[in-house]
Amino acid sequence: MGMMDDITALAKRRGFIYPGSEIYGGITGFWDYGPLGVELKNNIKRQWWQAMVYEREDVVGLDAAIVMNPAVWEASGHVSGFTDPLVECKTCHKRFRADKPEQLEQHTAAHDGKSEWTNAKKFNLLTEVLLGITEPKELTYLRGEITQGVFVNFKNVVDSTRVKIPFGIAQIGKAFRNEITPGNFTFRSREFEQMELEYFIKPDEKEGQKIFKYWKEDRMKWYVSLGMTKTKLRFREHEPDERAHYAQKAEDIEYEAPFGWSEFEGIHHRGDWDLSRHKLTYTDSQSNEVYTPWVIETSGGVDRATLFFLVDAYVQEEKRIVLKLHPKLAPVKVAVFPLVANKDTIIGKAKEVYAVLKKKFVTAWDDRGNIGKRYLSQDEVGTPWCVTIDYDTLESDTVTVRDRDTTKQDRVNVSKLVEYFSSKLEE
Ligand code: ATP
């Protein structure tokens, strides 16, 4: 697990991800995103929204509340069916998920092959919340998936916008699960963020299959388009007995993480499960036909995507650590360096360049140590370009632009810099 330890350490040292509540000893399964982490995560969410909402004609957005009437969770089947099976090792009383055989095998091996397990017991993953200030308080739940907020607003969206089936509702937001085994850094947390599309179609077996295939391929392409290594990605279809209570068909997108192939997005055929449970139907405005639409869902984890973009970008070269993040995802796009920190003319010019770039791109300033050290520091956080203002700049109004991946340098006119980076970001 060397690489995961290295990435966890880098994430903390450089302000990507910190353990939650750390100064009080932490809290299992909760993580805080630092100044660079929030930029990376926001960039992922922004790119997702761009592709899933803005660039499409058939998808609208939504941001539903985290806490809902508990009747939603009764109807959706989560109160009775949103469970994971738990087993306990009889020797050391450690708890595991019975449906993750690799972990059980690993643990058994640690006890020289002699582990005995308790019978599997089902545990509900919903996190309870008590509302109100006087007794009896009202029991409800933090949402265990963001999806239900979309279904309960299905009628609102149809009535208040011009969407017609087929159409989708996209949403990004926090979800909470009382996970039995939080771990692998942020991979399995108790609080996490999801980015989901619920795509509503007219019930039809063939159409359902076609749309399912379309979305699973579209989602895979999206990760590749943002730089994830194709050979580290694969689909994995769920066996009937591992599908969630709502799913007719499910395929995961998995990444080959240092801890093994791991799901970070699920494509689910939810059929009419949810809308029929909420007693919602759709009326075709032309034919007046009334039916319960089917739903094809793409359900991605923002934190897992962030983690795997980081893992995938992490390269340990002989003389440096580089995060080869796609420029669109990189937390900082440009860093500006005055060659020396004690020459007013150079500092003044660098500040001018910095002020111009800062209005257009997330831009960092660094005047510490030598230029080589500053490059290394930016490489480690994935900044694609570094701009150095030197003595020549004062004469020719040009600067050096150094590329993170090739380490090659370009000489660019100050007046052309914004255009230069804008077009690079569009590549
Ligand atoms: P797993 O089998 O790993 O528990 P799941 O199949 O229960 O995951 P879904 O319910 O399909 O996951 O959730 C959709 C997405 O939400 C997942 O692909 C993942 O990216 C994200 N997700 C789910 N649970 C967690 C968690 N505990 N921590 C971080 N992300 C999560």
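Indexing begins at 1, ligand by ligand and atom by atom, following the structure's order. Just so it is clear, the values below take in all heavy atoms, side chains as well, and ignore hydrogens, waters and symmetry mates. Keep in mind that what you see is a predicted model, and the values were worked out from it rather than measured.
The pair R304-E265 fails the salt-bridge criterion, with no side-chain N (NZ, NE, NH1 or NH2) lying under 4.0 Å from an Asp/Glu carboxylate O.
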Fill in: Trace of the salt bridge (Lys or Arg N to Asp or Glu O under 4.0 Å) decision for K416 with E419
CA-CA 5 Å; K416 293 268 159 55; E419 201 186 309; 5.8 Å; no
Item to complete: Go through the steps for W385 and F421 under the test ring pair (Phe, Tyr, Trp, His ring centres under 6.0 Å), then give the verdict.
Response: CA-CA 9 Å; W385 304 290; F421 293 126; 5.4 Å; yes
Worksheet item: Under the side chain to side chain contact (heavy atoms under 4.5 Å, CB included) criterion, do L233 and F264 qualify, and how do the steps go?
Response: CA-CA 10 Å; L233 291 164; F264 67 116; 3.7 Å; yes
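Heavy-atom contacts of F264 reach the following atoms of ligand 1: 18 (O), 20 (O) (cutoff under 4.0 Å). Atoms of ligand 1 lying under 4.0 Å from any heavy atom of S299, numbered from 1 in the order shown and given with element: 13 (O), 14 (C), 15 (C), 18 (O). Every atom of ligand 1 is numbered from 1 in the order shown, and the set under 4.0 Å from a heavy atom of E265 is 18 (O). Using a 4.0 Å cut-off to heavy atoms of H268, the atoms of ligand 1 that qualify are 11 (O). The atoms of ligand 1 that sit less than 4.0 Å from any heavy atom of R97 are 2 (O), 4 (O).
With respect to T383, the side-chain hydrogen bond (donor to acceptor under 3.5 Å, both in side chains) criterion is satisfied by exactly one of R374, Q378, R404: Q378.
Aromatic ring pairs are classed by plane angle as parallel below 30°, tilted from 30° to 60° and perpendicular above 60°; the pair F185 and W31 is perpendicular. Between Y375 and F337, the angle of the ring planes lies from 30° to 60°, which puts this pair in the tilted group. Between W222 and F309, the ring planes lie perpendicular to each other; the angle is over 60°, past the 30° to 60° tilted range.
The closest approach between a heavy atom of R190 and any atom of ligand 1 is not below 4.0 Å. In this structure, K100 has a heavy atom closer than 4.0 Å to ligand 1.
When non-hydrogen atoms are compared, ligand 1 lies under 4.0 Å from neither the backbone nor the side chain of E191. Residue-level proximity to ligand 1 for E145 is absent, since no heavy atom of it falls below 4.0 angstrom. The side chain of R177, and not its backbone, has at least one atom closer than 4.0 Å to an atom of ligand 1 (non-hydrogen atoms only; side chain from C-beta on). Residue R188 touches ligand 1 through backbone and side chain together, judged by heavy-atom distances below 4.0 Å.
Geometrically, ligand 1 and E196 share no nitrogen or oxygen pair separated by less than 3.5 Å. The shortest N or O to N or O distance between G300 and ligand 1 is not under 3.5 Å. Between E263 and ligand 1, at least one N/O pair is under 3.5 Å apart. Between F192 and ligand 1, no N or O atom pair is found at a separation short of 3.5 Å. Polar contact check, S189 against ligand 1: a nitrogen or oxygen pair lies under 3.5 Å apart.
Regarding atom 21 (C) of ligand 1, its nearest protein heavy-atom neighbour is G301 CA, 3.8 Å. In this structure, the protein non-hydrogen atom closest to atom 29 (C) of ligand 1 is F187 O, 3.1 Å. In terms of protein heavy-atom proximity, atom 13 (O) of ligand 1 is nearest to Q194 NE2, 3.5 Å.
Both the sub-6.0 Å distance and the 45° axial angle are not jointly satisfied by R270 relative to the ring of W273.
Looking at M195, E179, H238, R243 and measuring to atom 27 (N) of ligand 1, the nearest heavy atom belongs to E179.
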Please tabulate, for side-chain N and O atoms in residues 85-93, each donor-acceptor pair with protein atoms closer than 3.5 Å (sequence neighbours left out).
unit_1, atom_1, unit_2, atom_2, d
E88, OE1, R95, NE, 3.2
E88, OE2, H93, ND1, 3.1

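Taking the six-membered ring for Trp, Y291 and Y282 have ring centres closer than 6.0 Å.
Summarising the local packing, CG of N119 is surrounded by 12 or fewer heavy atoms from other residues, nucleotides or ligands at distances under 6.0 Å.
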